[in-house]
Amino acid sequence: MESIGVLMTCPIYGYLEEELAKRFRLFNPSNISEENVNSIRAVVCNTKISVDSVLIDSLPKLEIVSTFSVGYDKIDIAKCREKNIRVTNTPDVLSEDVADTAIGLALAVLRKICVSDQYVRNGHWIKSDFPLTTKFSGKAVGIVGLGRIGSAIAKRAAAFGCPISYYSRSEKTESGYKYYPNILDLASNSEVLFVACTLTKETYHIVNRQVIDALGPKGVIINIGRGQHIDQPELVSALSEGRLGGAGLDVFENEPEVPEQLLGLENVVLSPHAASDTVETCNAMADLVLSNLEAHFLNKPLLTPVV
Ligand SMILES: O=CC(=O)O
């Protein structure tokens, strides 16, 4: 396979890059030339750089796009289908870490873990006790999207004694959780709302002002999906004005930019789109990318095909 060209759209993960370089001719956007563009048969990407129609059309021999992520919203899937280009992602291996992060963010927001850490470090504890915080156990949890990650969040929240409800395109009766066919009803009946659905045209800004108002001043939003799931200016004003109780955010509309107003808010916990970034999970994701590429070039079935 050493003669097969693979383009990595940006630096992704050291181990993945080393293993790709052992197996393929590895390119990055700055070292592709007119002579070698025809050797590129695969693109490896992540959630940072789009694999759009311009990039796809510039690689005439492209056969497969393999993303180091479960989400594939940065890939022009319609274009890939049209050109018969296969697409793979990295589901399952990251669900536990993302769900752990979601619960961690909920605890951090409600129990003010980051603020209390600063309180101790800055010497305030010597002068007075830290103010009371809010309990997570037993809170009514709403989950937007009961897929692999949403289900892993539900399982964890259930262990905290939280009643679980969810909104998704279709009811999943086997889950045993309460289904709301409408996100507004879910938000009205939830105290902590976890956003865990796939980003599509239908779920863009699925959390809008009405949903935020339905959660109300004691409600908390946790987003481990995509920044574009939430109308960010509405979220920022609701948090600043006290119309929403708090938020734990791993993702933002225009990463890595984070709205200035959020930086000063104690009811917000911020994380740099890192929910699946553990060594164990990144190694498993890298192995899945490699196995999908190898399967494709050996004419074997793909392990985790999207297209
Ligand atoms: O955001 C991360 C992913 O899609 O894996």
Side-chain angles (χ1 to χ4, degrees), residues 8-17 19-20 43-52 64-77 80 86-106 143-153 156 168 194-207 221-230 232 235 247-258 269-293 302-307:
M8 207 167 72
T9 55
C10 63
I12 296 179
Y13 178 45
Y15 164 71
L16 174 64
E17 186 163 345
E19 294 301 316
L20 284 170
V43 164
V44 172
C45 59
N46 62 2
T47 58
K48 294 202 172 87
I49 306 282
S50 296
V51 179
D52 56 14
I64 181 166
V65 178
S66 189
T67 185
F68 180 83
S69 64
V70 65
Y72 43 86
D73 44 283
K74 287 274 178 156
I75 303 172
D76 188 336
I77 296 290
C80 290
R86 306 299 310 270
V87 177
T88 67
N89 64 344
T90 58
D92 294 315
V93 292
L94 46 62
S95 301
E96 290 182 342
D97 276 346
V98 178
D100 290 354
T101 301
I103 298 293
L105 285 171
I143 301 179
V144 183
L146 199 69
R148 298 176 181 94
I149 293 174
S151 302
I153 294 171
R156 284 158 177 72
S168 64
F194 289 89
V195 182
C197 54
T198 305
L199 180 64
T200 60
K201 277 205 288 298
E202 292 73 35
T203 63
Y204 175 83
H205 283 192
I206 189 166
V207 177
I221 293 181
I222 305 297
N223 191 5
I224 47 74
R226 288 288 183 267
Q228 292 79 357
H229 282 131
I230 304 184
Q232 192 166 274
L235 176 72
L249 307 171
D250 184 50
V251 288
F252 303 87
E253 276 213 85
N254 186 26
E255 295 173 6
E257 305 292 326
V258 174
V269 175
L270 306 168
S271 162
H273 198 153
S276 57
D277 290 1
T278 64
V279 174
E280 295 88 338
T281 290
C282 286
N283 287 347
M285 291 164 70
D287 287 338
L288 200 44
V289 168
L290 294 161
S291 301
N292 273 307
L293 291 179
L302 298 177
L303 284 84
T304 50
V306 174
V307 172

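Reckoned from all heavy atoms, side chains included, excluding hydrogens, waters and symmetry mates. Both ligands and their constituent atoms are indexed starting at 1 by order of listing.
When each of Asp277, Asn283, Asn46 is checked for a side chain to side chain donor-acceptor pair (under 3.5 Å) with Tyr13, only Asn283 meets the rule.
Counting non-hydrogen atoms of other residues, nucleotides and ligands closer than 6.0 Å to CD of Glu19 gives a total above 12. With a 6.0 Å radius and a threshold of 12 heavy atoms from other residues, nucleotides or ligands, Tyr72 has its OH atom at or below the threshold.
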(request) Walk me through it: do Thr200 and Thr198 pass the test side chain to side chain donor-acceptor pair (under 3.5 Å)? (result) CA-CA 6 Å; Thr200 60; Thr198 305; over 6 Å; no
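Atoms OG and CE, on Ser276 and Met285 in that order, are 4.5 Å from each other to the nearest 0.5 Å.
With ligand atoms numbered from 1 in the order given, ligand 1 contributes 3 (C), 4 (O), 5 (O) to contacts under 4.0 Å with heavy atoms of Ser69. Near Arg226, meaning under 4.0 Å from one of its heavy atoms, ligand 1 places the atoms 1 (O), 2 (C), 3 (C), 4 (O).
When non-hydrogen atoms are compared, ligand 1 lies under 4.0 Å from the side chain of Leu94 (C-beta onward) but not from its backbone.
Taking each of Thr47, Thr281, Val70 in turn, the one with a heavy atom nearest to atom 5 (O) of ligand 1 proves to be Val70.
The shortest N/O to N/O separation between His273 and ligand 1 falls below 3.5 Å.
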